[in-house]
Amino acid sequence: MSRQVKAAELREEGRRIPSLRWRIVAAVALLLVLTNITVGVVTVVTYNGYLVDRLDSELATATQRTSDRPQGGFPGSPPAGAPSGAPTSGSSAEGSTSQPDPDNAFIGVPGQAPDTVIAIVNDGSTVLAGYTDARGKQHSLTTAQERTLRQLRTSTAPVTVSLGALGSYRAQAATAGDDVIITALPLGDLQASILRLLVVIGSVTLASLLIAVWAGAMLVRRSLRPLEHVAAVASGVTSLDLERGDPDIQARVAAADLRANREVGQVGTALNQLLGHVARALTVRRDAEAGMRTFVADASHELRTPIATVRAYAELTSRTQNPDEVHRNVSRIGNEAVRMGNLVEELLLLARLDAAAIADTAPAVHGPVDLTAIVVETTLDARATAVDHRWTLQVDPEPITVTGDDVELRRIVTNLLTNARTHTPPGTSIVVALQRVGDDVRFVVANDGPAIPSETLPTLFDRFTRGEASRSREYGTSGLGLAIVQAVIDVHGGTIRVVSDDARTAFTVTLPVRP
């Protein structure tokens, strides 16, 4: 129940985290908006500059045309300071349609664009100010508008001014004798063009944003579908009860999803490898647990028999007063005690070697060992013990030295020779060979006795393994000798291999000179 609650909490937390799909879509949309804004700003600024430059060119032409008046005054205009006859400052209200002096055609002359403002200033006073609309009607300016125009200074560069209700204008002042002629062109059409451009850019941006979000969502969803399959595989594995040690994990990322794209392929491949490692680890754990149960059962069996023997002889001894029987019982109890002690020592040795193998550490005693001397001495001892076997010793002329633990290396040789003479009948030929091959040392114990059963070979180096997988004490062994050999060789960084058929059985040990 707690696992299900935890899984539900993780799923709920996952829902609160923003989806990667929408993060990608939002990022693409943001980049698109920023790009469109940048392009729009550049376009508007460039286009506005182009229109302003063109308007300034028209303004320069209009200013030049206005300045080219006849000498002696404007057609039909009164002299400076005339009381009436022209639209002067304050002569009419803004938007007035009153007609200026009909004999004065200076405002709205042919060639002037509609709404072109003309003003003549003399000695700070407005002589003439007005404009002609698109219908040809002339209008005067208000006092505030005239004041704005009078503030302009003669300059070759146009400036932008605001003329109240008339809007914004580009104005330029030029001198003509004692007068200052001011010409101003409206910016209304230019601003309308810029506004239309902004509307077009905004509409295109909005439309492209909607299309990009829709297309991006579809594309990202399609691209991430294999990743969803990978997540589904991972979720399916989390629902398995791995605590029970079931190594049968069938869930894998499909090959089609692995080929979808490189990133999903990498994640899927890594997940498949992880699931494979987990399955192998669970298999190893299951086998280890099974081996441990077998080991405990075998160890209990091995210890139970001598303990029962000791108890039986102890009870017999307590019931008799015969010195010979007491002596015989005590001797038997001693033999069984020795046997239990040897078994316990072998178990402790295996435990120590297992710990060293797990920690990947070297033997406790690590130094140069004369392996030739050990092989020669051990072979001579075995020959003296098993005189009914034919022994042959083959060693290199030069002594062979390896790095390791003297006691443990001697145990390897002793156990293999003991195994050879114990499990072969009298008259068997046993060949013991030691030679150096490159950077390795090869130690071989071979005999021409009966072959090891093929079904026993895969578990030959397991603990408490005997020929024909029985617990019989036909040869008086505990079944730990070869397991100890394997463990010692592993700690020394070597390997052991066995080959057995009707003609020959050979154990080959390979050790590095310097592990």
Side-chain angles (χ1 to χ4, degrees), residues 44-45 47-63 65-67 74 76-78 82-102 104-155 157-174 176 179-199 202:
V44 169
V45 171
Y47 186 57
N48 182 76
Y50 166 74
L51 294 180
V52 170
D53 289 343
R54 193 174 70 173
L55 185 64
D56 289 346
S57 178
E58 295 176 0
L59 179 61
T61 302
T63 300
R65 184 184 301 114
T66 305
S67 300
F74 302 106
S77 64
S84 64
T88 58
S89 174
S91 61
S92 64
E94 179 182 353
S96 171
T97 60
S98 62
Q99 183 69 30
D101 187 350
N104 188 347
F106 187 71
I107 300 176
V109 297
Q112 285 184 355
D115 296 328
T116 299
V117 174
I118 302 296
I120 302 174
V121 179
N122 186 292
D123 195 21
S125 299
T126 302
V127 176
L128 181 68
Y131 66 95
T132 301
D133 60 19
R135 293 176 295 178
K137 294 183 179 181
Q138 293 186 358
H139 302 268
S140 61
L141 302 181
T142 65
T143 303
Q145 294 170 343
E146 292 179 3
R147 185 184 305 113
T148 300
L149 295 177
R150 285 198 302 268
Q151 294 175 354
L152 296 178
R153 296 294 180 263
T154 303
S155 174
V159 295
T160 301
V161 296
S162 177
L163 297 181
L166 294 180
S168 298
Y169 274 73
R170 291 289 285 181
Q172 187 174 17
D179 299 323
V180 176
I181 301 175
I182 301 171
T183 306
L185 295 180
L187 288 172
D189 291 342
L190 184 149
Q191 293 173 343
S193 298
I194 297 298
L195 180 59
R196 285 194 296 271
L197 180 61
L198 289 174
V199 172

Quiz prompt | Distance (rounded to the nearest 0.5 Å) between Leu187 CG and Asn48 CG | solution = 9.0 Å
Quiz item: To the nearest 0.5 Å, how far apart are OG1 in Thr132 and NE2 in His139?
Solution: 7.5 Å
Quiz item: By salt bridge (charged side-chain N to carboxylate O under 4.0 Å, His left out), which residues pair with Asp189, not counting sequence neighbours?
Solution: none
Quiz item: Any side-chain heavy atom of Thr183 sitting closer than 4.5 Å to one from Thr116?
Solution: yes
Exercise. Give, for atom CD of Gln138 and atom CD1 of Ile118, the distance between the pair rounded to the nearest 0.5 Å.
Key: 10.5 Å
Quiz item: side-chain contact (heavy atoms from CB on, under 4.5 Å) between Asp115 and Asp133: does it pass, once the steps are laid out?
Solution: CA-CA 5 Å; Asp115 296 328; Asp133 60 19; 3.9 Å; yes
Practice problem: Locate the shortest heavy-atom distance separating Ala129 from Thr126; write the atom from each residue and the value. | Solution: CB-CG2, 3.7 Å
Exercise. Determine the sole option in Leu141, Val180, Val121 for which the side-chain contact (heavy atoms from CB on, under 4.5 Å) test with Leu149 is passed.
Key: Leu141
Exercise. Any chance you could measure Leu185, atom CG, to Glu58, atom CD, to the nearest 0.5 Å?
Key: 6.5 Å
Exercise. Considering non-hydrogen atoms only, spot the tightest contact between Thr63 and Ala174 and give its length.
Key: CG2-CB, 3.7 Å
Quiz prompt | Ser193-Arg196 side chain donor-acceptor pair, cut-off 3.5 Å | solution = yes
Exercise. Over all heavy atoms of both residues, which pair between Gln172 and Ala60 is shortest? Give the atoms and the distance, please.
Key: OE1-CA, 3.9 Å
Quiz item: What pair of heavy atoms forms the shortest contact from Pro186 to Pro114, and how long is it?
Solution: CG-O, 4.3 Å
Quiz item: To the nearest 0.5 Å, what is the distance between CZ (Arg54) and CG (Leu59)?
Solution: 14.0 Å
Quiz item: Can you find a pair of side-chain heavy atoms, one from Val117 and one from Leu163, that are under 4.5 Å apart?
Solution: yes
Quiz item: To the nearest 0.5 Å, how far apart are CG in Leu198 and CD in Gln191?
Solution: 11.5 Å
Self-check item: Where Ser168 and Thr160 come nearest, the two heavy atoms and their spacing
Solution: CB-CG2, 4.5 Å
Self-check item: Atom CG of Asp53: over 12 foreign heavy atoms under 6.0 Å
Solution: yes
